[in-house]
Amino acid sequence: MKNTMYVILLIVVLLGLTIILVLRLPVFGGVPAGKRLERIKSLANYKEGALQNLSPTPMKPDGVSYWDMIRGMIKGNENSSPKKPLPHKVPDFSGSGQTKLIWFGHSSYFLQIDGVKILVDPVFSKKPSPFSFLGSSAYKGTDFIKAEDFPETDIILITHDHYDHLDYQSILKLKDKTSLFITSLGAGAHLERWGVPAAKIRELVWGEETLARGLKFRAAPARHFTGRTFTRNQTLWSAFVLEGTKHKLYLGGDSGYDTHFKEAGEKYGPFDLAILECGQYNTYWPLIHMFPEQTVQAAKDLNAKVLMPVHWAKFSLAMHAWNEPAIRVVKKAKAENFKLTTPLLGESVILDESYPSKEWWLD
């Protein structure tokens, strides 16, 4: 009996040591410390050892267990991935006086505004995961561009630290191609661990703004969470208001629906374009991601002229069909007579000039 207990104890110790060693891998990023941690703890929404949303936001509703979620994921959906490679256009990164946006699938896109080149949430690995053998694979056809293909950019903006928004391998390939990172408070710890100099990082809290290359960036509340390991909400998650000389954009990041959209519209709107998530939703986690119909309502709350739905068309991180987000958001936008742009991957959206709206996911 005693020998059995020693064996069990040894297994537990070895398992614990293995977990500790694995979590020390650089892909997991860094941990806020020093002045960065002091600043996080000083925030009004830091309570009980973690950052909080403006509204109570449980990960799952009452009556739903994690086992329910696991069973749903195991059951899957035969249409969770497209049957053929997704179509794309060759990206045009050429400079001009226009405000241009190019989407690469999920939440990664390129912006050019007032001649400044910005890359938002660049994820170009095959899986949004710490390991190549774990997680959903990128859809066929979405690898038409790689991190090393990008030209020099002025700014890389990171909304929060989840793997489908902050990708270790992509940052390694891009960090020397940009002069500035703008992100939410705490995420700079990851970037610094990956070799980005502290002088190249600006971390913002909700309501805080910074000027860069003549553009104004302001962090705004979102309803979500963060974490690259088992501990959540040690770094902040944000939407960003981007203001140039002619156009104002709302870069939504990830967020469930709440009153913060209406408040941002009243305080910072109107917006020429709102880029909002519309995928990876489920009734099992209804508060941390929006359903497509809520995405349209959020754009209306923001007083946006045009909505561009993202967070779909590259990875399957929920149980819905891969193109269901687009089908539902288009249906709702038409019912509300709300202007929508749905470009192909790699296709340019040019504000005040070209808003592609082909329903290419039905082909």
Side-chain angles (χ1 to χ4, degrees), residues 22-23 25-30 59 69-70 72-73 76-77 80-82 85-86 88 103-110 119-150 156-175 181 183-184 187 190-191 193-194 222 224-233 235 237-238 251-256 275-282 284-285 288-290 309-325 345:
V22 167
L23 292 180
L25 294 173
V27 67
F28 292 104
M59 291 296 297
M69 295 184 186
I70 293 170
M73 296 298 286
N77 184 326
S80 62
S81 297
L86 296 188
H88 73 273
W103 179 49
F104 309 109
H106 204 66
S107 293
S108 302
Y109 51 91
F110 169 87
L119 198 52
V120 178
D121 288 352
V123 176
F124 299 104
S125 292
K126 293 182 179 179
K127 293 177 183 285
S129 161
F131 304 113
S132 60
F133 57 84
L134 185 67
S136 168
S137 295
Y139 302 157
K140 293 180 180 179
T142 60
D143 60 351
F144 65 95
I145 189 165
K146 298 177 173 59
E148 51 266 37
D149 297 332
F150 279 88
I156 292 179
L157 185 143
I158 307 293
T159 60
H160 65 293
D161 72 6
H162 282 156
Y163 291 97
D164 57 325
H165 293 259
L166 177 58
D167 177 42
Y168 170 57
Q169 292 296 338
S170 295
I171 295 300
L172 291 185
K173 295 170 183 175
L174 292 166
K175 63 187 177 70
F181 284 83
T183 188
S184 303
H190 304 309
L191 298 173
R193 187 174 184 198
W194 300 337
H224 198 52
F225 67 108
T226 55
R228 296 176 72 85
T229 58
F230 304 116
T231 305
R232 291 177 174 160
N233 297 356
T235 65
W237 52 98
S238 305
L251 319 180
D254 278 1
S255 180
I275 306 165
L276 300 174
E277 65 146 84
C278 79
Q280 319 319 317
Y281 49 82
N282 195 279
Y284 288 159
W285 51 85
I288 56 173
H289 286 297
M290 284 189 286
V310 297
H311 210 240
W312 69 286
K314 189 166 186 177
F315 304 112
S316 292
L317 306 179
M319 287 88 90
H320 56 67
W322 77 273
N323 58 356
E324 182 185 293
L345 306 185

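For this chain, numbers begin at 1 and follow the sequence in order. Nothing here was measured: the structure is a model prediction, and the numbers come from that model.
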Separation of Ser108 OG from Asp164 CG (nearest 0.5 Å): 8.5 Å
Pair Phe181-Leu174, side-chain contact (heavy atoms from CB on, under 4.5 Å): steps then yes or no: CA-CA 11 Å; Phe181 284 83; Leu174 292 166; 5.8 Å; no
For Phe104 against Phe144, the heavy-atom pair lying closest together: CD2-CZ, 4.1 Å
From Asp143 atom CG to His88 atom NE2, the distance as rounded to the nearest 0.5 Å: 8.5 Å
Where at least one partner belongs to residues 125-141, residue pairs that pass salt bridge (Lys or Arg N to Asp or Glu O under 4.0 Å), sequence neighbours excluded: none
His106 and Phe315 aromatic ring geometry - parallel, tilted or perpendicular at 30°/60° bounds: perpendicular
Closest contact, heavy atoms only, His289 versus Gln280: CD2-O, 3.4 Å
Student check: side-chain heavy atoms of Ile171 and Leu166 closer than 4.5 Å: yes
Pro325 to Cys278 - nearest heavy-atom pair and separation: CB-O, 3.2 Å
Min side-chain heavy-atom separation Thr142-Leu345 under 4.5 Å: yes
Side-chain (Thr226) to main-chain (Thr235) donor-acceptor, under 3.5 angstrom: yes
is_close_aromatic(Phe225, His160), centroid dist under 6.0 Å: no
Aromatic contact, Phe124 with Phe150 (centres under 6.0 Å): yes
Side chain to side chain, Pro130 and Arg228, heavy atoms closer than 4.5 Å: no
Close side-chain approach of Ile288 and Met59, heavy atoms under 4.5 Å: yes
Under the side chain to side chain contact (heavy atoms under 4.5 Å, CB included) test, residues paired with Val310 that sit two or more places apart: Trp103, Ser107, Ile275, Met308
Point-to-point distance, once rounded to the nearest 0.5 Å, from OG of Ser129 to CG of Asp167: 10.0 Å
Geometric class of the Phe131/Phe28 ring pair [parallel <30°, tilted 30-60°, perpendicular >60°]: perpendicular
Flag for Ser316-Ser136: side-chain donor and acceptor within less than 3.5 Å: no
Steps toward side-chain contact (heavy atoms from CB on, under 4.5 Å) verdict (Glu324, Tyr281): CA-CA 10 Å; Glu324 182 185 293; Tyr281 49 82; 2.6 Å; yes
Considering all heavy atoms, the nearest Ala222-Trp237 contact: O-NE1, 3.1 Å
Spacing of CG belonging to Asp121 relative to CD1 belonging to Ile158, to within rounding of 0.5 Å: 5.5 Å
Residue pair His311, His165: steps toward the side-chain contact (heavy atoms from CB on, under 4.5 Å) verdict: CA-CA 10 Å; His311 210 240; His165 293 259; 3.5 Å; yes
OG on Ser80 to CE on Met319, rounded to 0.5 Å: 11.0 Å
Shortest non-hydrogen separation from Arg193 to Gly29 and the atoms involved: NH1-O, 3.0 Å
Whether Trp194 and His190 hold their rings parallel, tilted or perpendicular, with breakpoints at 30° and 60°: parallel
pair Leu86-Trp322: side-chain heavy atoms closer than 4.5 Å: yes
Tyr163 OH to Leu317 CG distance, which is reported to the nearest 0.5 Å: 13.5 Å
Under 3.5 Å donor-acceptor, Ser184 side chain and Thr159 backbone: yes
Evaluation steps, side-chain contact (heavy atoms from CB on, under 4.5 Å), between Phe110 and Leu119: CA-CA 5 Å; Phe110 169 87; Leu119 198 52; 4.2 Å; yes
Non-hydrogen side-chain atoms of Lys173 and Lys146 separated by less than 4.5 Å: no
